[in-house]
Amino acid sequence: MMTSNSPTKSKLVWKGKGKATEPPQDYDDLNPVITYRHLLSNNLGVRDPLRVIALCDSDAFYAACEMNRLGVDPETPLVVLQWDSLIAVNYPARKYGISRMDKKKEALKRCPHLKVVHVATYKEGEPEPGYWDDVDTNTHKVSLDYYRRESLKIAAMFKEQLPGCELEKASIDEAFIDFTKPVREIMLQRYPHLAQVPPEGADTPLPPPPPIMWEGLGNLIPVNPSPTVDQKPGDGQPVAHESAESAQNGIEPEQKQVEVTENKEHQSTDPRGKDVEEPPHTWHDVALSIAAELMGKAREEVRVKLGYSTSAGIARNKFLAKLTASYKKLNNQSILRNSAIPKYLRPMQFQKIRFLGGKLGDALAKEYDVSTVGDLLTISLDEMQDKFGESSLWIYEVLRGIDRTEVKDKGSTLNKSMLASKNLPKPITKASEGQHWIRVLAAELALRLNDARKISPNLWPKTLVLHARKGYEAGRSKQSPFPFHREVTVDVIAAAGDKLWKELVGNSSNLKVSSVQLAFTGIDVAEGGQRSIEGFLKPISSTKKRPRDSAAITDVQDEEELPQPARLSASDVDNLNDESPHVPSASYTCVRCGKAFQVTGANQSSSIDEQMSRLKMEHDDFHFAQDLADESTPRSVITVTEKKTEKKPSSSNKKRKTAAGPSGIEKFFRK
DNA sequence: TCGCCCCGT
DNA sequence: GGACGGGGCGA
């Protein structure tokens, strides 16, 4: 495999004082020579030495949602309750030492005037979730829908504010953003001389970069942190790392962009008075600074227009961006230069790294009896591979600041699954109770699906899954294909759910069921009709055909090669638009206003796609602007490339299991 | 596909 | 811990 992304072997990393603290081979990926070819090519993907990724997350998101909804003063200490537990604590409340693990009582004790908001719930009899005074876990079920909508709004605004960026929603309150493309454009704009390849050729290194004004762009993670502890496994965080739960202190006044840690080009002084050599900055630093500029503007826009404060981290790849984002929270962003990576990473608890927070990280810690990234640097790839198999390369590289996983636009902000779940405070025993909860969950799914269909009609959840946990056993699940229905009603879902229930728990009246989950999975736009969201880009003739599962679809026959809308019943197709499959053109009709677009290019289809994509985005922006005031409008996105993806750590790996032993695994019991 | 498992917020 | 969401793997 190739691990080097620099065409020429990069020079050795700078070294502080010539101390041989760093095995040179460990972080020598971090300062690649950047050439004109690098700058001018557009398809370097994850190997792009100018890659810039951000992770942006909302601060105390659920709490912020409720504050906006209720229009309370930003300084109001507020917590969001789910039954008796706090699921979100805003920053003013954290000043009182309230943490997420507190109960309502404790929280109120710490802060008597605390605003306590219970999440919306579905109440028996009520068709829609709401905020009630008398929440009761025995009869209600939580609805997180409001937060989902708000989340979509934020994502939509980022997309609008950051044209050319890829955005991957990573959770309800987080998104990765790939700034590489727009940043490159801006670089060429600002430094036009870079566009001229010198006579020596495209592989000539770029000239020295201009000075960078970091002021106002965010917190620079120091290249030479000034820790009191140099290297102590266990507590060696390079800097105060605010954990989400850490209750105390540390509240930044809004808007205070914290000091930039260093600005001097080549020299700084650490607290102990030693001069520490600093690396010169690079074109990648320039790229980071531009991304920080863009990120900062977009975040500010979200804060002002939507009322959500966010924190972002900007770095060369996803996992570092994620780490960097938590460097300083609450309306802040931080920047991790490549040159700061080694010292930042080495003392880091590796279990803080994304995907190493679970069993894999545990297994690593146990296997080598260590806790920091630095501790693991001595393990050779070969050695790791024996015990951790395929995950090893990913781990090995991550420890060295390398992560080639892509930021992928998930095609749209539409989810691929929809889950409604309920933990029963007192396990149920009667079949009728099961039916009752299935109906409640089905009602929610119906509501949410039909809601999503307002934005993308023809959404089709291909399977329905019922999950139940009996007594102390592990949960079990049953699933079945879910036929396409133009109208998805509670009854249809509940009926299917009941069938699954019978298969899963049977009629035995005495088994205690303590949790029930009903989920749609495989949600996608049913082919053949109007392609309203991501479907519109695919040339209709190249749509993949589904395997023989068409039994699921009522009264449809399967025409083999015809790129026809054959998947839906006649009544389903009723109000769908026609498409002309055979011309090299793309057409699209906006489901919301009916406006039709057509691109008939003499160009290649890819360029048609691009044109269409542009049109679509512009049009979306139009709707977005209109909608912003009240309703959420998830916007469609174009998936451009399809590259082979890097191997991410996979959890099931025989060798790893062997290594981990029975010890770590028995958490989710059942042998 | 199905059922299970693991990752995350 | 609860209510989600994403993904991978063996059969």
Side-chain angles (χ1 to χ4, degrees), chain A residues 55 57-58 60-62 80-88 100-103 119-122 137 140-145 147-148 151 168-176 244-245 319 322 326 351-363 389-391 405 408 410 413-425 441 444-445 448 462-469 473-482 500 503-504 514-523 546-549 551-552 645 647-654 656-657 660 664-671:
Chain A
L55 181 283
D57 70 281
S58 294
F61 182 55
Y62 290 178
V80 181
L81 214 58
Q82 179 175 283
W83 313 132
D84 197 34
S85 309
L86 310 192
I87 54 173
R100 262 217 311 253
M101 289 294 106
D102 290 333
K103 298 295 190 188
V119 285
T121 56
Y122 290 91
T137 178
H140 295 213
K141 104 156 273 306
V142 163
S143 166
L144 302 179
D145 229 41
Y147 310 137
R148 286 187 204 106
S151 172
E168 174 184 337
K169 228 163 152 302
S171 76
I172 196 160
D173 69 342
E174 285 184 333
F176 286 103
E245 288 76 19
F319 98 91
K322 167 84 176 156
S326 56
Q351 300 199 350
K352 292 201 163 136
I353 294 173
R354 211 163 88 110
F355 298 128
L356 293 183
K359 300 193 172 184
L360 182 54
D362 276 351
E390 295 218 352
S391 313
T405 55
K408 46 180 185 289
K410 300 286 177 47
T413 38
L414 299 169
N415 289 333
K416 292 175 199 96
S417 66
M418 238 180 230
L419 171 70
S421 72
K422 176 67 188 172
N423 272 29
L424 287 323
L441 301 178
E444 181 178 355
L445 288 183
R448 284 167 59 188
K462 296 203 177 56
T463 75
L464 182 73
V465 186
L466 177 71
H467 199 99
R469 180 159 34 99
E473 294 173 36
R476 295 176 102 74
S477 70
K478 274 283 175 197
Q479 56 184 302
S480 66
F482 192 78
L500 290 172
E503 296 172 33
L504 195 59
S514 55
S515 108
V516 189
Q517 303 174 202
L518 199 59
F520 283 140
T521 65
I523 302 174
R546 272 196 311 284
R548 282 307 81 120
D549 64 347
T645 62
K647 183 140 274 164
K648 272 199 269 188
S650 70
S651 39
S652 92
N653 175 314
K654 282 165 206 153
R656 187 177 80 66
K657 275 179 186 159
I665 309 248
E666 310 302 46
K667 241 187 153 186
F668 265 177
F669 40 92
R670 185 75 223 139
K671 44 173 183 108

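Here is how names work: the chains are called A, B, and so on, in the same order as the sequence lines, proteins then strands, and each is numbered from 1. All heavy atoms count here, side chains included; hydrogens, waters and symmetry mates do not.
- Counting only distance, with no hydrogens or angles, the side chain of A:Lys422 and the backbone of A:Leu518 share no donor-acceptor pair below 3.5 Å.
- Look at NZ on A:Lys103: it is 9 Å from P on C:dG2, rounded to the nearest Å.
- For A:Ser477, there are no side chain to side chain donor-acceptor pair (under 3.5 Å) partners two or more places apart in sequence or in a different chain.
- The nucleotide whose nearest atom lies closest to any side-chain atom of A:Thr463 is, among B:dC2, C:dG2, B:dG8, B:dC2.
- Between A:Arg148 and B:dT9 there is no side-chain N or O to OP1 or OP2 distance below 4.0 Å.
- As judged by a 4.0 angstrom heavy-atom cut-off over every strand, A:Ile172 is placed among residues making no nucleic acid contact.
- Taking side-chain N and O atoms only, A:Lys322 has a distance below 4.0 Å to OP1 or OP2 of B:dT9.
- For A:Asp173, the listed nucleotide lying nearest its side chain is B:dT9; candidates were C:dA3, B:dT9, C:dG7.
- At whole-Å resolution of the value, CZ in A:Arg469 and C1' in C:dG1 are 10 Å apart.
- The distance from atom CG of A:Leu504 to atom P of B:dG3 is 9 Å, rounded to the nearest whole Å.
- Comparing C:dA3, C:dG2, C:dC4 by their closest approach to the side chain of A:Lys141 singles out C:dC4.
- The distance from atom CZ of A:Phe176 to atom P of B:dC7 is 16 Å, rounded to the nearest whole Å.
- For A:Lys359, counting side-chain heavy atoms from C-beta on, the closest listed nucleotide (B:dT9, B:dC6, B:dG3) is B:dC6.
- As a whole-Å value, the separation of A:Leu356 CG from B:dC6 C1' is 13 Å.
- Of the listed nucleotides (B:dC4, C:dG1, C:dC4), C:dG1 has the atom at the smallest distance from the side chain of A:Ile87.
- In this structure, the nucleotide among B:dT9, B:dC2, C:dC4 sitting nearest to the side chain of A:Ser171 is B:dT9.
- In this structure a side-chain-to-backbone donor-acceptor pair under 3.5 Å is missing from A:Arg100 to A:Ser85.
- A close approach under 4.0 Å does not occur between any side-chain nitrogen or oxygen of A:Lys478 and OP1 or OP2 of B:dC2.
- Closest to the A:Pro481 side chain, of the nucleotides B:dC2, C:dG7, C:dG2, is B:dC2.
- The side chain to side chain donor-acceptor pair (under 3.5 Å) search around A:Gln479 returns none, not counting sequence neighbours.
- In terms of modelled atom types and a separation under 3.5 Å, the side chain of A:Gln517 and the main chain of A:His467 share no donor-acceptor contact.
- For the pair A:Asn415 and C:dG6, the criterion of a side-chain N or O lying under 4.0 Å from OP1 or OP2 is met.
- Atom-to-atom, NZ of A:Lys462 to P of B:dT1 comes out at 8 Å; the value is rounded to the nearest Å.
- Listed candidates were B:dC7, C:dG1, C:dA3. Nearest to the side chain of A:Lys422 is C:dA3.
- What separates CZ of A:Phe355 from C1' of C:dG5 is a distance of 13 Å, to the nearest Å.
- Residue A:Gln517 is out of contact with every strand shown, counting any heavy-atom pair closer than 4.0 Å.
- Nearest-nucleotide positions on DNA chain C place A:Ser421 closer to the 5' end than the other of A:Ser421 and A:Ser417.
- Checking side-chain atoms of A:Gln351 against main-chain N and O of A:Gly357 turns up no donor-acceptor pair under 3.5 Å.
- Atom CD in A:Gln479 sits about 4 Å away from atom P in B:dC2, given to the nearest Å.
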